S.K.: 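I have a structure I would like to understand better, so I am pasting it below and will then ask my questions one at a time.
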Amino acid sequence: MDINAEQNLYRSPDHPGIHCYIVNVTSSSGLWQSENPLTQSLPILAMQLATVIVITRVLQYIFKPYHIPPIVANILGGILIGPTALGNLGYFQQMFPLRALMMLETVSYWALTCHVFLLGLETDVASVLRAGKKAIHVAAFGFLFPLLAGIALFLMIHKNRPDEESSQSQFVYFAAPLAMTGFPVVSRILVELKLIHTDLGRLAMSCALVEDLVGWAFVVVLLPYTISFLNAVYSALANVAFILFCVYAVRPVLALLIRRTTAHRNNVNEHYLSFIMVSVSLFACATEVLGTGSLVGAFVFGVIMPDRVIAGMLADKFEDFMSGYLLPLYFVTCGLKINLKEVNSNWAGPAFTILICCSLKIIGAMITTSRYKIPRRDAFALGLISNTKGIISMFMANLAIDKKILSSYEYATLVLSIAVMTAATGPIIANMYRPAKRLSHYKQRTIQQAKGAESELRVLACFHGPYNITGMINLFDSSATTKESPLNVFALHLVELTGRASAMLIIHNPGKSRAGRKDANSEQILTALDTFASLNDSIEMHPLTALSPFVTMHDDICSLAEDRRVSFVILPFHKPPTRDGKLDEEGSTSFRGVNLNVLANAPCTVGLFVDRGFGETQNEDSSLKRQVAMLFFGGPDDREALAYASRMGASGVVNLRVVRFQSGMLESNHGGDDMDGIQGTAGEFGGLVTASAYVERQRKLDQMCLNEFRLRSAGQEMIHYEEKEVNGEEEVVFILREMATTQQIDLFLVGKGEGALQPLTAALLDWCEYPELGPIGDSLVSMDDSRSSVLIVQQYIGPEEEAEELGDQRREHMVDVHEPSEHSREHLGKWQVPGEEDEHHLGGFEMEPFDRHKRDDGMDGLKYNY
């Protein structure tokens, strides 16, 4: 079919100069009748989709290492497909003809509407109420200053182009996109750069959310304002009434329907999907009738979704298709309206305009943050982050060119400014806040560096649920808290992020009312911590809640530990305690993965707490002391555990017993002639290394720490020290079982045993069910008839400490063993691909249990893995 044939044209009798094409949706003849399939609507749309997705995904792949968000790739892809570059080629002219724009824009606007609905699902309006005065002040000034400066900039541009007329709506449409901030894009950048839980990240997230909502308010007002002021007033009042109706009438009905019809929230059937699509359409039509466009209705419907779990599942169903497959078409419709060749003759003007646009947010942030004494570096970064634009800015710009409010020159300048501002944020912030720079200011990373019981100890304690409360609180109470040596606890409740909302850290104010909280587990944990802190003046409690997916939860813990400069991170074992003092048989594989990755990448000492009801007997009878046994075999981890045991011994509520195990066979050889046997044992387990000089140095350090401990504890009735000589691992296991079952030990404190190989424990490594516990910790936990809790300590060893300990002879004397044993290989094989049937497992989750044995030099100081 010839698309230009006379019979395929329709001439309007009222407008004879206007021709309308009559185009079939598809063709059944195709090449057999020598017809061009690109003259039909459906083949053109299919080819357009394929071409756009390939180009934008290639650009995203190129930009990803530089932390440039995907929206920039979409914008540049649209510009490339337009008349600026590829649009001049014959193939692209056939693929994007003028006659196909109506279908292209219809599909792209529907994809944009659905994408905005997904953005509404991610938006937590209640977070604005928790933002605080500082964030609201910074966001308000950060929006108004660029808005007013953008208006002045637009007037200056028009002064240099007197041939174009200007109106009030023109300069507002030019300035408003410059003042807006894209909250979802900001969240993505901060998560990728691991700044989400820093002070800068939390302030930037709060400011971005406030500015994003203000931007939506501008959309509600500006769209009808282009017609008349009176129309804007009527439309704004109608939309306010519509939003209130949705919040107070529609939302409760939705909550009731979900509660009554959803028996299992792990699955969403087709009825919900159909209901959601119909509702999005109805809400979009409602706000279109009210004069503010379909996007407002879709966004409102996403925001009022009452059940965040259902919201997350709906987002999983829709996002890949709508946002990943169809949404790039919208940026093509934007790019087809840009021809950079029009400004090619004079790039100085647009370049100057883009530079000024990029500076407005930064200047505004520098001015307003000076009141709160925020460092200039952080203020500059905050302004740069606020420069990040989202889909709403592009929508405003595209709407302005469609309504002929902005000229093509102004539109091109505005879109380029949006792309440059958003693209520059990630690389610059990544360079400013490289982890290597942050690490240099953080020194006290171990309990030994905190000088035992003579100074403040900063602890990050994680909670999986209310079942961790009793054991953790008793552990805090046993940690020698006095005014001279306080305990500064950051209590972090770990909550899996079930929706598509951005990961966030909620900081709670102790003692303040939390009537609005709906999470019963968090409420129970926070109430218990508040009560405990109020009864202990020497304990400073900082309750927090981290919402993040399991796959990035360990990053959040490590970032928070570094940001708060803690010396000790305490992780609950993935198997919670039962009422009879045993451990749950199943446990959570996802939380185990979090523990493994924290152990591999933590910036400080880590303790893994296996709670079997620690301190519950003493809670019932206050006259009883908690019985704590510290088992010392030697090495950095044991020395770190001894430092914590020393602090517990000074608490006054603990009877501390330190038991040093020595090898009778090794002593008979004076420790110097049996190294071959030790190295041979090391070969059974990958990653452990031995050297005569290194082992001798470790023994000297062990003896120094023990001598210092004995000197400090001399004369203290509740601290006892003893030595046991054993001749093999069988004797070790026998003594451990006797202590655990007959001596009523409440808590065993042991080192993980990493970094120094002991002949007494080497043979136990191959029998470890949970290698993250170490050989001694795993042996204690695996005793079914034991009711003793266990705290396994892994000392942080940075690159400086490792170089100092190993010395210059490390290359000559170290024996590096890479081949794991059969048991270890089997364990690794199981844990690389967890079972799909586990209800706690997160799809695509990867764990590296022994990542600490390898050195990652390519991360620029981000992770110290050994």
Side-chain angles (χ1 to χ4, degrees), residues 442 444-450 457-462 475 479 554 557-558 560-562 566-574 591-611 630-648 685-689 698 701-702 705 747-758 761-762 764-765 768-781 789-802 805 824 847-856 863-866:
Y442 178 22
Q444 277 196 355
R445 299 176 178 272
T446 66
I447 303 173
Q448 286 181 285
Q449 291 173 342
L457 179 63
R458 301 173 71 86
V459 176
L460 173 61
C462 299
L475 193 62
S479 300
H554 67 281
I557 296 172
C558 295
L560 184 62
E562 187 175 320
V566 304
S567 303
F568 193 25
V569 173
I570 303 178
L571 302 170
F573 193 48
H574 69 280
F591 274 125
R592 186 188 179 191
V594 174
N595 291 344
L596 290 168
N597 285 323
V598 172
L599 286 167
N601 303 300
C604 61
T605 292
V606 180
L608 199 55
F609 184 38
V610 184
D611 182 25
M630 192 274 145
L631 309 180
F632 191 93
F633 290 85
D637 294 342
D638 283 19
R639 293 194 297 270
E640 189 76 350
L642 180 64
Y644 191 68
S646 177
R647 187 179 185 99
M648 296 183 73
F685 190 75
L688 292 180
V689 293
Q698 293 300 316
L701 292 174
D702 293 343
C705 289
L747 176 68
F748 283 100
L749 191 57
V750 301
K752 182 182 176 183
E754 194 133 23
L757 183 63
Q758 292 295 328
T761 62
L764 300 176
L765 289 172
C768 285
E769 183 180 2
Y770 303 107
E772 66 267 27
L773 302 179
I776 301 302
D778 183 81
S779 299
L780 291 169
V781 171
S789 301
V790 187
L791 179 61
I792 301 94
V793 179
Q794 173 186 281
Q795 185 187 49
Y796 170 81
I797 301 179
E800 297 85 1
E801 292 85 351
E802 184 192 38
E805 287 192 0
S824 303
M847 294 176 286
E848 297 179 343
F850 303 102
D851 213 23
R852 192 172 186 260
H853 296 293
K854 63 183 181 181
R855 181 72 176 271
D856 189 354
K863 298 179 181 178
Y864 294 123
N865 300 334
Y866 298 91

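Since this is a predicted model, take the numbers as computed values, not measurements.
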S.K.: Of all the heavy-atom pairs spanning His574 and Tyr770, show the shortest one and how long it is.
M.R.: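 Heavy atoms of His574 and Tyr770 come nearest at CE1-CE2, 3.7 Å.
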S.K.: Please give me the minimum heavy-atom distance between Thr446 and Thr605, naming the atom from each residue.
M.R.: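 Shortest heavy-atom separation between Thr446 and Thr605 comes out as CA-OG1, 3.5 Å.
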S.K.: Look up atom CZ in Arg458 and atom CZ in Arg445, then write down how far apart they are to the nearest 0.5 Å.
M.R.: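 These two atoms lie 13.0 Å from each other.
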S.K.: Specify the closest pair of heavy atoms between Pro572 and Cys462, including all atoms of both residues, with the distance to one decimal.
M.R.: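 That closest heavy-atom pairing would be CG-O, 3.0 Å.
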S.K.: What heavy-atom pair brings Ser567 and Leu457 nearest, and what distance separates the two atoms?
M.R.: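 Scanning both residues completely, I find the closest heavy atoms to be CB-CD1, 4.0 Å.
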S.K.: Quick one, Gln448 and Tyr796 - any side-chain contact, counting heavy atoms below 4.5 Å?
M.R.: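 Gln448 does not reach Tyr796 side chain to side chain.
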S.K.: Using the rule given for side-chain contact (heavy atoms from CB on, under 4.5 Å), can you reason through Asp702 versus Asp638, listing the C-alpha separation, both sets of side-chain angles and the distance that settles it, and then say yes or no?
M.R.: CA-CA 8 Å; Asp702 293 343; Asp638 283 19; 5.9 Å; no
S.K.: Mind checking whether Asp637 and Val793 have side chains closer than 4.5 Å, heavy atoms only?
M.R.: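 No, every pair of side-chain atoms sits at 4.5 Å or beyond.
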S.K.: Roughly how far, to the nearest 0.5 Å, is SG of Cys604 from CD of Gln794?
M.R.: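 Interatomic distance, Gln794 CD to Cys604 SG, rounded to 0.5 Å: 10.0 Å.
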S.K.: Let me confirm one number: the CZ-CG distance from Phe573 to Leu773, rounded to the nearest 0.5 Å.
M.R.: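 Nearest 0.5 Å value for the CZ-CG distance: 5.0 Å.
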S.K.: First locate atom CZ of Phe568, then atom CG of Leu460, and finally report the distance between them rounded to the nearest 0.5 Å.
M.R.: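 It is 10.5 Å, given to the nearest 0.5 Å.
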S.K.: Compute whether any side-chain donor of one residue and acceptor of the other, for Tyr644 and Ser479, lie under 3.5 angstrom apart.
M.R.: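 A pair is found: one side chain offers a donor N or O, the other an acceptor, under 3.5 Å apart.
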S.K.: Closest approach of Val750 and Ile776, non-hydrogen atoms and distance?
M.R.: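 Looking at all heavy atoms of both residues, the closest pair is CG1-CG2, 3.9 Å.
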S.K.: Report yes if the side chains of Leu747 and Phe609 come closer than 4.5 Å at any heavy-atom pair, otherwise no.
M.R.: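 Sidechains of Phe609 and Leu747: in contact.
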S.K.: To the nearest 0.5 angstrom, please state how far the CG atom of Leu596 sits from the CD atom of Glu772.
M.R.: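 Here the interatomic distance stands at 4.5 Å.
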S.K.: Would you indicate whether the side-chain heavy atoms of Arg647 and Ile447 approach each other to under 4.5 Å?
M.R.: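 No - every pair of side-chain heavy atoms lies 4.5 Å or more apart.
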S.K.: So how far is it from Leu475 CG to Ile570 CD1, rounded to the nearest 0.5 Å?
M.R.: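 Going from the CG atom of Leu475 to the CD1 atom of Ile570 covers 5.0 Å.
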S.K.: Could you walk me through whether Leu631 and Leu780 satisfy the side-chain contact (heavy atoms from CB on, under 4.5 Å) test, starting with their C-alpha distance in whole Å, then the side-chain angles of each, then the deciding distance to 0.1 Å, before giving a yes or no?
M.R.: CA-CA 11 Å; Leu631 309 180; Leu780 291 169; 4.2 Å; yes
S.K.: Looking at every non-hydrogen atom in both residues, tell me the closest pair between Asp611 and Ser789 and how far apart they are.
M.R.: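 In this case the closest contact between Asp611 and Ser789 is OD1-OG, 3.5 Å.
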S.K.: So do the side chains of Pro771 and Asp778 get within less than 4.5 Å of each other, counting heavy atoms only?
M.R.: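 Not in contact.
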